[in-house]
Amino acid sequence: MKDIEYDPAEESTYECFACGTVVQASTPGACPDCGADMRNRRTPIE
Ligand SMILES: [Zn+2]
């Protein structure tokens, strides 16, 4: 039985909190545009 798949080596979409820049990356880092934190778009926000 499969639960939520999570592969940290797989590239995910990250969106910048500050300016909304979207990048594909395998690890979350700073925004290439403004240096702010980025969040994983695949992470559900409830
Ligand atoms: Zn940014």
Side-chain angles (χ1 to χ4, degrees):
M1 186 161 112
K2 276 197 168 182
D3 204 354
I4 299 169
E5 288 187 33
Y6 179 69
D7 184 354
E10 191 170 307
E11 291 207 334
S12 301
T13 303
Y14 291 94
E15 181 177 7
C16 176
F17 277 115
C19 70
T21 294
V22 174
V23 298
Q24 295 285 324
S26 55
T27 55
C31 175
D33 274 2
C34 70
D37 289 336
M38 308 196 78
R39 69 172 175 86
N40 192 334
R41 277 187 141 188
R42 290 167 67 184
T43 303
I45 299 174
E46 296 185 44

Practice prompt. Determine which pairs satisfy salt bridge (charged side-chain N to carboxylate O under 4.0 Å, His left out) with at least one residue from residues 12-22, sequence neighbours left out, and list them in order.
Written response: Glu15-Arg39, Glu15-Arg41
Would you list the atom pairs, donor with acceptor, under 3.5 Å between side chains in residues 17-24 and any protein atom, with sequence neighbours excluded?
unit_1, atom_1, unit_2, atom_2, d
Thr21, OG1, Asp33, OD2, 3.0
Gln24, NE2, Thr13, OG1, 2.6

Worksheet entry | Gap between atom OG1 of Thr27 and atom OH of Tyr14 - 0.5 Å precision |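 So the OH of Tyr14 and the OG1 of Thr27 are separated by 6.5 Å.
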Practice prompt. Return the minimal non-hydrogen interatomic distance between Met38 and Cys16, and the atom names on each side.
Written response: CE-N, 3.4 Å
